[in-house]
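First the proteins, then the strands, lettered A, B, ... as listed; each starts at 1. Note that the structure is a prediction, hence the values are computed from the model and not measured.
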There are 2 protein chains.
Amino acid sequence: MNVTIRDVAKKSGYSITTVSRALNGFDDVSEETRAKIIAVAKELNYQPNRVARSLVSKTVNTIGLFVLGRSSFQQGFIADLVSGLIDEASTHDFDLLIFGTQSLKTGLPFTQLCRQRGVGGAVITGLKITDPILAELEASDFPTVLIDVPIKGPKATYVSFDNQEGISQAITHLCDLGHRKIGFINGHMEAWVCHERLAGYKKGLAKHGLVFNEAYVYNGDFTKESGRAGAKELIEKNPELTAILVASDLMAAGALEELTALGYTLPDDISLVGFDDQTFAALTSPALTTIKQDEYLLGRLAAENIIKLINDPNYQPEVKSLTTRLVVRQSTGPVKS
Amino acid sequence: MNVTIRDVAKKSGYSITTVSRALNGFDDVSEETRAKIIAVAKELNYQPNRVARSLVSKTVNTIGLFVLGRSSFQQGFIADLVSGLIDEASTHDFDLLIFGTQSLKTGLPFTQLCRQRGVGGAVITGLKITDPILAELEASDFPTVLIDVPIKGPKATYVSFDNQEGISQAITHLCDLGHRKIGFINGHMEAWVCHERLAGYKKGLAKHGLVFNEAYVYNGDFTKESGRAGAKELIEKNPELTAILVASDLMAAGALEELTALGYTLPDDISLVGFDDQTFAALTSPALTTIKQDEYLLGRLAAENIIKLINDPNYQPEVKSLTTRLVVRQSTGPVKS
DNA sequence: GTGAAAGCGCTAACAG
DNA sequence: CTGTTAGCGCTTTCAC
């Protein structure tokens, strides 16, 4: 068995109560006593049992991570996100409990599921903007941080990137290269970021005096195949396009394949910009110019927010989006004169 | 507050104990009573509090996942592994608690760390074969499943792929294409799989009557850069090579870059085989022939093992390796005559 | 300053 | 078959 608080109490000669208070930094304990107790605790290598602790005091040191949608895990960035969450969480002595899609299938009122697991707050990724749970979370007093889905409740907030600005910068990059006919392969509109990216696309065009053309936009679904299909459709219907912006690297990779198969040479015939900067973006040929979002950082930010939300009842989260960064590689080039 | 067992007891008119037993499927409860209690529980939407449960009964429904080494998360396959773990775990009503590298920095006796977190068993990935913790785990009675590191203890086992066979098959593939001079870029020897892959390389060569040549082997470190360096060194020192086998896709991508930069055309001048079949393997140009390992499946297998280890004190794990599958793409071709 | 006692929600003897 | 009694390891009133 592990060493418990009783062992520390016995060995130090103090009561369990005093040991608890000494170790938890209460100020109604003499410094001398505290020092002694801490010494004994260290000697015994005592670590409080978190299960017991969270059972009695409702202050819980566990974050729940919900990864919704079977495909979410396939997306490479989830790994970085988790990595960031863990690093930040363990800095604050928080644990990270992961739930898969199945966990929600129980139909359990979500927050209840968390409380039963001793989870103090949740980080949710992969949520669709049409999900009814969104309204619930907004009203709930259970700490929640959404990834890439806006929300504003007493205890709910979100973290994201400035997608509009990211896309807009990419358009500026293309315009600087002389492009005027720029297509856009977007993801599905159940993802909030896609609304943002579309808005950024329009805004970017407007900024450079270009007119938005509905026919230049294709709605994919984040799969490689939809990237292929999108590229094919866009270029066939609008052969005047000299550049295509794609809302994810994976779709961009599909578009790249399709365009190459159709006989286009990149970037000479057409320029291509992805989104994410996943590992493989540097590995395609030509290497993908893409809008990088640092998912690790986003993970840390999410953890930071949820921990504050859990610890401080008065915390008023302010949403600040992380910035993306355009990584220029070989898939974009000056428009052929 | 959530609904507790007391609420169910009160509402059903039975004692807390009876409710507990009825709900946990004990057979010393009349079916009539059980039915009534279950009905009430359902009506109240009662779910037992796992924190409390694991505090008293030492049977814990949480698996701890340790992802060691900062870089592990960067490796794409971790996401699939986690995905498999979660799916299998939630099927058995187990939760998954993730620990980062930092958690182990406390110097806490590992198993103690788990017990304090209410974790019944651990799955560990990224462990080096030189890690002293290995001996500890081997002797320990704490349920542990290692990923890709062999271990055999009363409560410790491991899951992995048949790396030898995988590499061997790739060599057969190359030999079938006429290759006789095959180089090998391995990972670092702190990873068990690299010993296996080296053994597989030797075995595969022998199988086809080829002689092992020390100079044909380069030890990288799983980074793309080491792949580049390895390709450069191997091909410069041994220009007679017509094929190179690489112990990871990322290193293979590096090798591909380097070889292309050096003016080689693949697969005409030289064939290249990767390992993993990560997403990007299909996206490089030429697309990478590679040895696919299904990390999702490995995750499920690991979860299955750890759960049995936790639940059944008499469970004797038998190690059975998962098979890899050679995915032939465009980076391998017949040797130029 | 410190300790005794109560109890978080649950399971597990032990009686009846 | 069912209920009473004791705790799991910890925090937290409330006395002293």
Five pairs per end, C1' atoms only: what is the angle between the end axes of the helix from dG1(C)-dC16(D) to dG16(C)-dC1(D), to 10 degrees?
40°
Expressed in angstrom and rounded to an integer, what is the separation of Q116(B) atom CD from dC8(D) atom C1'?
15 Å
Can you check the R117(B) CZ to dG9(D) P distance for me, whole Å?
17 Å
Between dC10(C) (C1') and N61(B) (CG): distance, integer Å:
13 Å
If you compare every side-chain N and O of T33(A) against the phosphate oxygens of dT2(C) (OP1, OP2), does one of them come in below 4.0 Å?
yes
I need the C114(A) SG to F142(A) CZ distance, nearest 0.5 Å.
4.0 Å
In this structure, CG of L65(B) is separated from CG of L97(A) (nearest 0.5 Å) by 11.5 Å
How long is the gap from CD on Q112(A) to CG on N45(B), to the nearest 0.5 Å?
5.0 Å
For N49(B) and dG9(C), give me the distance from atom CG to atom C1', rounded to whole Å.
6 Å
The reported gap from CG in L134(B) to CG in L146(B) (rounded to nearest 0.5 angstrom) is 6.5 Å
Quick check on contacts: within residues 5-15 of chain A, what sits under 4.0 Å from DNA chain C by heavy-atom distance?
Y14(A), S15(A)
Less than 4.0 angstrom from a charged side-chain N to a carboxylate O is my criterion; do E304(A) and K308(A) meet it?
yes
Less than 4.0 Å between a side-chain N and a carboxylate O, is that true for K320(A) and D162(A)?
no
Nearest-Å distance for atom pair CG/P, residues L55(A) and dT11(C)
12 Å
List every contact pair, protein side and nucleotides 12-16 of chain C side both N or O, where the distance is under 3.5 Å.
{"residue": "dA12(C)", "atom": "N6", "partner": "T17(B)", "partner atom": "OG1", "Å": "3.1"}

Can you tell me how far C1' of dC8(C) sits from CZ of R53(B), to the nearest Å?
16 Å
Under a 3.5 Å threshold, yes or no: a donor from one side chain and an acceptor from the other, between Y158(B) and N305(B)?
no
Whole-Å distance between dG9(D) P and N2(A) CG?
9 Å
Counting heavy atoms from C-beta on, name the nucleotide in dT2(D), dC10(D), dT2(C) closest to the side chain of S30(B).
dT2(D)
Salt bridge flag under 4.0 Å for residues R300(A) and D294(A)
no
Nearest-0.5 Å distance, OH of residue Y315(B) to NZ of residue K155(B):
10.5 Å
Distance col, row T91(A):OG1 vs I307(A):CD1, nearest 0.5 angstrom, shows 8.0 Å
Indicate whether the side chain of T17(A) and that of S20(A) have a donor and an acceptor atom separated by less than 3.5 Å.
no
Atom pair distance, as rounded to whole Å: CD in E32(A) and C1' in dG1(C)
11 Å
